[in-house]
*Asks:* 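Pasting a structure here, questions to come.
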Amino acid sequence: MYNHLEIEKKWQNYWNEHNSFEAITGSSKDPYYILVEFPYPSGAGLHVGHVRSYTAQDAIARMMRMKGKNVLFPMGWDAFGAPAEQYAIKNHIHPKDAVKENIKTFKRQMQTLGFSFDWNREFSTTDPEYYKWTQWQFLQFYKHNMAYKATVPVNWCPNCKTVLSNEDAAGGVCERCGTQVVQKEKSQWMLRMSDYAEDLLKGLDDTNFAEKVKLGQINWIGKSIGAEITFKVDGFNESFVVFTTRCDTLFGATYCVLAPEHKLVDKITTREHKDEVVKYKEACKLKNDMERTELNKEKTGVFTGAYAINPVNNKKIPIYISDYVLASYGTGAIMAVPAHDERDYEFAKKYNIPIVQVLASDECDISNKAYTKDGLHINSDFLNGLNKEDAINKMLEFLEKNNCGKQQVNYKMRDWIFSRQRFWGEPIPMIYCEKCGWQPMNEEELPLLLPVVAEYEPTDNGESPLAKITSWVNTTCPKCGGSAKRETDTMPNWAGSSWYFLRFMDPHNTHEFASMDAMKYWKRVDWYNGGMEHTARHLLYARFWVQFLYNIGLVPNKEMIWTRVSHGMVLGSDNQKMSKSKGNVINPDDIVKEYGADTLRTYELFMGDYQMDCPWSTDSLKGCKRFIDKVIRLKNKVVDKEEYSLCLENIINKSIKKVENDLQTISYNTAISTLMILANAYDDQEYITKRDYQLLLMLLNPIAPHITEELNEELGYKPICESSWPAYDESKIIEKINEIVVQVNGKIRGKIPYDSNKSDEELKVMAIELENVKKYINGKSIIKTIVVPNKLINIVVK
RNA sequence: GCCCAAGUGGCGGAAUAGGUAGACGCACAGGACUUAAAAUCCUGCGAGUGUAAUAACUCGUGCCGGUUCAAGUCCGGCCUUGGGCACCA
């Protein structure tokens, strides 16, 4: 009898003692870098969802090693962030200690599953040796004018006295306590990510990301090509610029709207409208993002009393302010074409503003809604009769000639708000001096350590907890030496994860974040696995970070990630997301204990399409246990012979090819079904040879490494992790064809035995002579016969 | 509202280039072995018509149409579910 816990321990110790999975930088072997998103070590321990993706990547890593690659398969911890801070506040321990405990648990759990990580490269984003370089890189952003301070509204929970991310403030209430969230203005560090919008778009061509991953990035960047048009303000020596994607509808612009925060508002508001405008602006300030963007909200706004001149026809059109125009997108001002934009239509109806149709339409009535489908231009002077594309080009020509507009590209992507008012993050290494302003810390003094104190509860006024620790805050100005204060905000969680994959290439380097030589050797991440929820933001931040480092000459490639694969979630058996409150959580520890790591690993890959969500089923898991047990039992059939059984050659060679191919195309479930079919074929034999058996063990090893090593050792072979992946012989794979399907009018009516000596004509004759086929042909004429070689004959009759 | 993905047996899911739909596994049912249970092995398993049993037939991959000798697969139009983004001009 095999005790899976003993066997697993034995082989985990073996790999550990032999450094079996050590990646050696500079080795002459072909490098291959497999990365799986490093986890946030939460108090809940490892999730069965983690196990699924780690097993998947582990299977590839193990196969690639056997195929002679120098595999880098690292693991570490993304351990800064709010949950650890909250946990620490509640339990009165330092987050550092809470994180240490959690990491211990995660690592222990990972080790019981036998993942072939190179633990020599392990680090946590919270290690001073690591965040030193995160801080150092921030200073590079600053020194290259890529970091700046700006005043930005943030979500503030008056009860928790803390700043919330948009996710934690969903629906306008604090996720933790349910209190109404309010907006607060805060001065924050920003990174000029929007400067990289076009490069981030173009860079996708140098990656092998899945199409839907690329789409996620493209949508997030949100490029739109349009025009900027300058409107003069009647009676003022002022003008403003609007952004539009439909400059061809300028003849239909009957009013303009400025965002309430627009700089021009106070200048152009007339005396009679001043009170109303001020009141409206104040009302907007009180609203948070959620309220402002709420769906189906009725449009509101006020007239400034000023008029703009439509440059295409010199007509005076009123200027309004409204919060349906966002200050942060485009120019913060729009021209409104109510006939063809639903938002403008709604607004114009409410305030009785003229609606001028400029695109012909089949729709009958403009008294109810805007025409949103494109027709040819009408009421548009020199554009009349033109289609959209021609009209846009002609209008651009007009605007440029008259110096009142030009083509313009806009992006939805904004600059990256980089400050967090929290304790548990990388301190931002900046110092504020009354005399010299913001000054970067001296690089030699990094890392700027988080202080070890007992209090890190949030302050009452939204400052980071660090602000209370005066001994830490007070310092001297690096420039003038006078007294100065440190920045008390910390970096976002996204910071440490934006470059960790570079550090894995050279994790112990004390004078660089990673050496150019090491990065040139590993070249890039060949295969990056993570959740769908990270394919937009994390991936974009990481790419931005890398592109910046590339531009200042610190990394060898502009894109450092080649393929990105995203996994589906493991759901509870009730098809719901696993959660404590639903009581549907499966703990991998329990499964390993009862069924073994190999069974859990096999099941997690067999459960379904890897890229899709899939519910947990303990019954199905038991099926995988039966499979492993069957593999063990097959040992009783082994005879001492060193070549493949003749009658198994075909299926063996087919299986090698299929498993190898499936593992490389993320089709883990069919790789396992192939192995089940192979095991069943073995089981049908009176006996199998040692070689037959070892082959099955080798193919199964990447998925179930412990038991396969054990059985392989019993055969007297050297460990599989030190062996080569089996080769297949294409000439042995040729499929044996037994029969050919006969169809009449596309329906199967019989089969004839396959005979390679017979010509198509002879096969046709055989087909027509089948009794059941005759039934359907009699009294009808054969129009044609289609022969698909080696597969089927279709007789078409009428 | 926009974008993306997915709808196949009782269940999870297979089906390289349009060519025998339902691989593999689970559950279930019947049988063998056993004092018994577990484990294991054998048989069946989309729905229906039909037969003593075979055979044979009809329908069947969310819905409606189309292309084709042939459609789960391609095209057009919907419906449902899940996810992401959302007043982005």
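This one's a predicted model, so the numbers in the text were calculated from it and none came from an experiment. Letters go in sequence order (proteins before strands), and every chain restarts at 1.
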*Asks:* Can you confirm whether the side chains of A:Lys412 and A:Asn219 place a donor and an acceptor under 3.5 Å from each other?
*Replies:*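 Side-chain D/A pair, A:Lys412 to A:Asn219: absent.
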*Asks:* Could you tell me how far B:C26 sits from B:G19 if I compare only their C1' atoms? Round to whole Å.
*Replies:* 30 Å
*Asks:* When all nucleic acid strands are considered with a 4.0 Å heavy-atom cut-off, which category describes A:Lys775: base, sugar-phosphate, or nothing?
*Replies:*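 Result for A:Lys775 = sugar-phosphate.
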*Asks:* Using the purine O4'-C1'-N9-C4 or pyrimidine O4'-C1'-N1-C2 torsion, is B:A52 syn (within 90° of 0) or anti?
*Replies:*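 B:A52: anti glycosidic orientation.
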*Asks:* Among B:C57, B:U20, B:A89, which nucleotide sits nearest the side chain of A:Phe243?
*Replies:* B:A89
*Asks:* B:U20, B:C57, B:C26: which one has an atom nearest the side-chain heavy atoms of A:Ser620?
*Replies:*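 Looking only at side-chain atoms, A:Ser620 lies closest to B:C26.
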*Asks:* Sticking with atom P, work out how far B:G82 lies from B:C45, rounded to a whole angstrom.
*Replies:*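 Pairwise P distance, B:G82 against B:C45, rounds to 36 Å.
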*Asks:* Counting any heavy atom closer than 4.0 Å, what does A:Met612 reach on the DNA or RNA strands: base, sugar-phosphate only, or nothing?
*Replies:*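 A:Met612: backbone/sugar contact only, no base atoms under 4.0 Å.
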*Asks:* Any carboxylate oxygen within less than 4.0 angstrom of a Lys/Arg side-chain nitrogen, looking at A:Glu761 and A:Lys764?
*Replies:* yes
*Asks:* Nearest to the side chain of A:Asn219, heavy atoms from C-beta on, is which of B:C87, B:G25, B:C3?
*Replies:*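 Of all the options, the side chain of A:Asn219 is nearest to B:C3.
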*Asks:* Any base atoms under 4.0 Å from A:Gly330, or only sugar-phosphate, or nothing? Heavy atoms, all strands.
*Replies:* nothing
*Asks:* Can you check whether A:Val358's main-chain N or O pairs, donor with acceptor, with A:His340's side chain at less than 3.5 Å?
*Replies:* yes
*Asks:* Relative to the 5' end of RNA chain B, which residue comes earlier, A:Leu792 or A:Lys412, by the nucleotide with the nearest heavy atom?
*Replies:* A:Leu792
*Asks:* How many Å lie between OH on A:Tyr776 and C1' on B:A70, as a whole number?
*Replies:* 17 Å
*Asks:* What's the CG-P distance between A:Asp609 and B:A23, to the nearest Å?
*Replies:* 18 Å
*Asks:* Using only side-chain N and O atoms of A:Arg749, determine if any of them is under 4.0 Å from OP1 or OP2 of B:C57.
*Replies:*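 Yes, because at least one side-chain N or O of A:Arg749 sits under 4.0 Å from OP1 or OP2 of B:C57.
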*Asks:* Considering only the C1' atoms, how many Å lie between B:G9 and B:A5, rounded to the nearest integer?
*Replies:* 23 Å
*Asks:* Taking the side chain of A:Lys630 as heavy atoms from C-beta outward, which of B:C41, B:C85, B:C24 is closest to it?
*Replies:*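 Shortest atom-to-atom distance from the side chain points to B:C41.
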*Asks:* Hey, are A:Glu198 and A:Lys223 close enough for a salt bridge, meaning a charged N less than 4.0 Å from a carboxylate O?
*Replies:*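 Yes, A:Glu198 and A:Lys223 are salt-bridged.
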*Asks:* Return the nearest nucleotide to the side chain of A:Ser673; candidates are B:U20, B:C24, B:C69.
*Replies:*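 The listed nucleotide nearest to A:Ser673's side chain is B:C24.
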*Asks:* What contact category does A:Ser224 fall into here, base, sugar-phosphate, or nothing, at under 4.0 angstrom with non-hydrogen atoms?
*Replies:*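 Sugar-phosphate contact only - A:Ser224 comes under 4.0 Å of backbone atoms but never of a base.
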*Asks:* Could you measure between the two P atoms, the one in B:G83 and the one in B:A89, and give it in whole Å?
*Replies:*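 Going atom to atom, P in each nucleotide, I get 26 Å.
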*Asks:* Consider the side chain of A:Asp683, meaning its heavy atoms from C-beta on, and name the nucleotide among B:G25, B:A14, B:C41 that approaches it most closely.
*Replies:*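 Nearest nucleotide to the side chain: B:C41.
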*Asks:* Is the closest basic N to carboxylate O distance between A:Lys637 and A:Glu686 below 4.0 Å?
*Replies:* no
*Asks:* For A:Ile782 and B:C69, what is the distance between atoms CD1 and P respectively, to the nearest whole Å?
*Replies:* 17 Å
*Asks:* A:Asp619 side chain: which of B:A27, B:C41, B:G19 is closest?
*Replies:* B:A27
*Asks:* Look at the side chain of A:Asn794 and the base of B:C69, then say whether one donor and one acceptor between them are separated by less than 3.5 Å.
*Replies:* yes
*Asks:* Is the phosphate of B:A27, meaning OP1 or OP2, less than 4.0 Å from a side-chain N or O of A:Arg626?
*Replies:*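 So the side chain of A:Arg626 is within the cut-off, an N or O lying under 4.0 Å from OP1 or OP2 of B:A27.
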*Asks:* Of the non-hydrogen atoms in A:His377 and A:Lys388, which two are nearest, and what is the gap between them?
*Replies:* CE1-CA, 4.0 Å
*Asks:* Test the A:Arg749-A:Tyr776 pair against the cation-pi criterion, namely NZ or CZ under 6.0 angstrom from the six-membered ring centroid and within 45° of the ring axis.
*Replies:*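 Judged by the rule, A:Arg749 and A:Tyr776 form a cation-pi pair.
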*Asks:* For RNA chain B, which consecutive runs of 3 or more Watson-Crick or G-U pairs (each distance under 3.5 Å) count as stems?
*Replies:*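 Runs of three or more consecutive pairs: B:1-7 with B:79-85, B:10-12 with B:24-26, B:28-32 with B:40-44, B:46-49 with B:56-59, B:62-66 with B:74-78.
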*Asks:* Whole angstroms only, please: what is the CD1-C1' distance between A:Ile768 and B:C69?
*Replies:* 15 Å
*Asks:* Tell me: CD of A:Glu604 to P of B:C26, nearest whole Å?
*Replies:*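 After rounding, the reported distance stands at 18 Å.
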*Asks:* Could you check whether any side-chain N or O of A:Tyr280 sits under 3.5 Å from a backbone N or O of A:Thr300, counting only pairs where one atom can act as donor and the other as acceptor?
*Replies:* yes
*Asks:* Looking at A:Asp629 and A:Lys622, is any side-chain nitrogen of the basic one under 4.0 Å from a carboxylate oxygen of the acidic one?
*Replies:*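 Salt bridge flag = no for A:Asp629 with A:Lys622.
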*Asks:* Under 4.0 Å from OP1 or OP2 of B:G25: is there any side-chain N or O of A:Asn680 that close?
*Replies:*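 Result: yes.
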*Asks:* Taking the P atom in each of B:U8 and B:G62, what is the distance between them to the nearest angstrom?
*Replies:*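 Their P atoms lie roughly 6 Å apart.
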*Asks:* Is A:Asn772 touching bases, backbone alone, or none of the nucleic acid, heavy atoms closer than 4.0 Å?
*Replies:*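 Answer is sugar-phosphate: A:Asn772 comes under 4.0 Å of backbone atoms only.
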*Asks:* Considering only the C1' atoms, how many Å lie between B:C69 and B:C78, rounded to the nearest integer?
*Replies:* 29 Å
*Asks:* Counting only side-chain heavy atoms from C-beta out, which of B:G19, B:A14, B:U20 sits nearest to A:Ile748?
*Replies:*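 The nucleotide sitting nearest to the side chain is B:U20.
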*Asks:* Nearest to the side chain of A:Ile786 - B:C4, B:G19, B:C85?
*Replies:* B:G19
*Asks:* Rounded to whole angstroms, how far apart are NZ on A:Lys654 and P on B:A23?
*Replies:* 16 Å
*Asks:* Between P on B:C24 and CG on A:Asp684, what's the gap in Å once rounded to a whole number?
*Replies:*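 Going from A:Asp684 (CG) to B:C24 (P), I get 11 Å.
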*Asks:* Using the P atom in both, what is the distance from B:C64 to B:A14, to the nearest Å?
*Replies:* 25 Å
*Asks:* Mind checking A:Tyr411 for me? I need base, sugar-phosphate or nothing, with any heavy atom below 4.0 Å counting as a touch.
*Replies:* nothing
*Asks:* Between P on B:U20 and NZ on A:Lys751, what's the gap in Å once rounded to a whole number?
*Replies:*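 Rounded to the whole Å, the gap is 11 Å.
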*Asks:* What is the nucleic acid contact for A:Gln743, judged by heavy atoms within less than 4.0 Å: base, sugar-phosphate only, or nothing?
*Replies:*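 Base, at least one base heavy atom under 4.0 Å.
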*Asks:* Do A:Phe347 and A:Tyr255 have ring centres separated by under 6.0 Å?
*Replies:*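 Yes: the rings meet the under 6.0 Å criterion.
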*Asks:* Look at the side chain of A:Lys299 against the base of B:C87 and say whether a donor-acceptor pair falls under 3.5 Å; ignore hydrogens and angles.
*Replies:*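 Yes, a donor-acceptor pair under 3.5 Å.
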*Asks:* Hey, does A:Asn661 reach any base, or is it just sugar-phosphate, or nothing, if we go heavy atoms under 4.0 Å?
*Replies:*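 No contact.
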*Asks:* A:Lys784 side chain N/O closer than 4.0 Å to the phosphate oxygens (OP1, OP2) of B:C69?
*Replies:*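 For B:C69, OP1/OP2 do have a side-chain N/O of A:Lys784 under 4.0 Å.
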*Asks:* Syn versus anti for B:G31, judged by chi lying within 90° of 0?
*Replies:* anti
*Asks:* Would you measure the distance from the P atom in B:G65 across to the matching atom in B:A15 and give it in whole Å?
*Replies:*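 It comes out at 29 Å once rounded to the nearest Å.
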*Asks:* Using a 4.0 Å heavy-atom cut-off, does A:Ser617 contact any base of the nucleic acid, only the sugar-phosphate backbone, or nothing at all?
*Replies:*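 Touches nothing.
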*Asks:* Would you kindly compare A:Ile677 and A:Thr244 by the position of their nearest RNA chain B nucleotide and give the one closer to the 5′ end?
*Replies:*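 Looking at the nearest nucleotide for each, A:Ile677 comes out on the 5' side.
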*Asks:* For a quick test of reading the model, state the closest non-hydrogen atom pair linking A:Pro702 to A:Arg601 and the distance between them.
*Replies:*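 The pair with the smallest heavy-atom distance is O-NH2, 3.0 Å.
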*Asks:* Is the phosphate of B:A89 approached by A:Tyr329 (side-chain N or O, under 4.0 Å from OP1 or OP2)?
*Replies:* yes
*Asks:* When you measure from the side chain of A:Thr670, which nucleotide among B:A14, B:A89, B:C59 comes out closest?
*Replies:* B:A14
*Asks:* Could you tell me whether A:Lys791 contacts a base, only the sugar-phosphate backbone, or nothing, with contacts defined as non-hydrogen atoms closer than 4.0 Å?
*Replies:*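 Result for A:Lys791 = sugar-phosphate.
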*Asks:* Do the side-chain N and O atoms of A:His534 and A:Glu37 include a donor-acceptor pair separated by under 3.5 angstrom?
*Replies:* yes
